[in-house]
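First comes the structure, then the notes that go with it.
Treat the numbers as computed from the prediction; the structure is a model and nothing was measured.
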Amino acid sequence: MQGVASRLLVPSTAKKGDVIEVKTIIMHPMDSGYSKDQNGKTIPREIIETFSAAYNGKQVFKMQLQPSISSNPFVSFFMKAEQSGTLELTWVDQDGSVYKNQAQITVT
Amino acid sequence: MSNDPRVLPAMTRRDLVLAAGGGVLATLVAGLFPLPASADPNDVKKWLSTVASGTPTPGKITIGAPDIAENGNVVPITLSVDSPMTEQSYVKSIAIAADGNPLPGVAIVDLSPANGKAEVQFRMRLAKTQTVTAVALMNDNSLWSAAKTIKVTIGGCGG
């Protein structure tokens, strides 16, 4: 899909050993394949199938999504801050599109 | 989020009364012509067993969700597992399923000690009042489960 925007909310600084919350949202219809449009025609399934997060290249979170996930998927999870680095989020659409977002975290 | 056409607009009291009436009608119609599009408890078990085989013990995992969901399109769910999340003892994955949606599976989450805390939040669809089941797989391969029944006033998933 084109023009899929996402947002990532994470503290920009953290103390070493802190457990920080990562909040994310991506604008995506997550068409389940079970709903119909105004003309009664079934809207084909079009969902994001996986969401993952890597910190300095190492996977820290992964989620497989099914059509039961709401549109504009919001996901929050926790992460232990051990060193400064980059948090990179990746969403993979069923059509093969890949959406990314990232943030820097300074750990002191 | 408000630009999503699927999100219901704010309702007036009159709309609400009409919708409530419509809901009663829909329930009556659904009772006369049961819709085939919903998973049954066996489908849920089957799907959960593809994620983690074995019989889970009730406990350790908590499903945080409203008792009554006003809008089945967006039901906030918080899954938390009682685990220290250390190298010695941590949650490997959590699977969540719903028995009243067309497909039983909702999501599978993979965690590791890097998370520090075994808690995940997301929003799911509920087609109707149903039971949501979550199973946590620990690093020692033990399985823990929890179930919660959520009442839905306006169903999600369309249809």
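Counting heavy atoms from C-beta on, the side chains of Ser93(B) and Lys62(A) never come closer than 4.5 Å. The shortest distance between side-chain heavy atoms of Gln121(B) and Lys23(A) does not fall below 4.5 Å. Within the 4.5 Å cutoff, side-chain heavy atoms of Tyr34(A) are placed close to those of Leu103(B).
To the nearest 0.5 Å, atom OG1 of residue Thr86(B) and atom NZ of residue Lys80(A) are 8.5 Å apart. To the nearest 0.5 Å, atom CD of residue Gln66(A) and atom CE of residue Met124(B) are 11.0 Å apart. For the atom pair Ile108(B) CD1 and Thr50(A) OG1, the distance stands at 11.5 Å (nearest 0.5 Å).
Arg123(B) contributes no side-chain N or O that, together with a main-chain N or O of Ser70(A), makes up a donor-acceptor pair within less than 3.5 Å. Using a distance-only test at 3.5 Å, with no hydrogens or angles considered, no donor-acceptor pair links the side chain of Ser68(A) to the main chain of Val106(B). Side-chain atoms of Asn115(B) never come within 3.5 Å of backbone atoms of Phe61(A) as a donor-acceptor pair (strictly under, hydrogens ignored).
Connection of Val22(A) to Met63(A) is established within a shared hydrophobic cluster, with ILVMFWY side chains joined at heavy-atom distances below 4.5 Å, either directly or through further cluster members. By the criterion of side-chain heavy atoms lying less than 4.5 angstrom apart, applied directly or through intervening Ile, Leu, Val, Met, Phe, Trp or Tyr residues, Ile63(B) is not grouped with Phe78(A); the two fall into different hydrophobic clusters. Note: the hydrophobic cluster containing Phe51(A) also contains Met1(A) (ILVMFWY, side chain heavy atoms under 4.5 Å, direct or indirect links). Hydrophobic clustering, with ILVMFWY side chains joined whenever heavy atoms are under 4.5 angstrom apart, groups Val109(B) together with Met138(B). Hydrophobic clustering places Leu87(A) together with Val75(A) (ILVMFWY residues linked when any side-chain heavy atoms are closer than 4.5 Å, directly or through intermediates).
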Using the side chain to side chain contact (heavy atoms under 4.5 Å, CB included) rule, take Ser71(A) and Arg125(B) through it: C-alpha gap first, then chi angles, then the decisive distance, then the call. CA-CA 9 Å; Ser71(A) 55; Arg125(B) 294 176 169 135; 3.8 Å; yes
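Using a 4.5 Å cut-off between heavy atoms, Leu65(A) touches chain B through its backbone atoms (N, CA, C, O) alone. Only the side chain of Glu21(A) comes within less than 4.5 Å of a heavy atom of chain B; its backbone N, CA, C and O stay farther away. With a threshold of 4.5 angstrom between heavy atoms, Lys58(A) approaches chain B through side-chain atoms but not through N, CA, C or O.
The two residues Ser112(B) and Val60(A) come nearest to each other via the heavy atoms OG-O, 4.4 Å.
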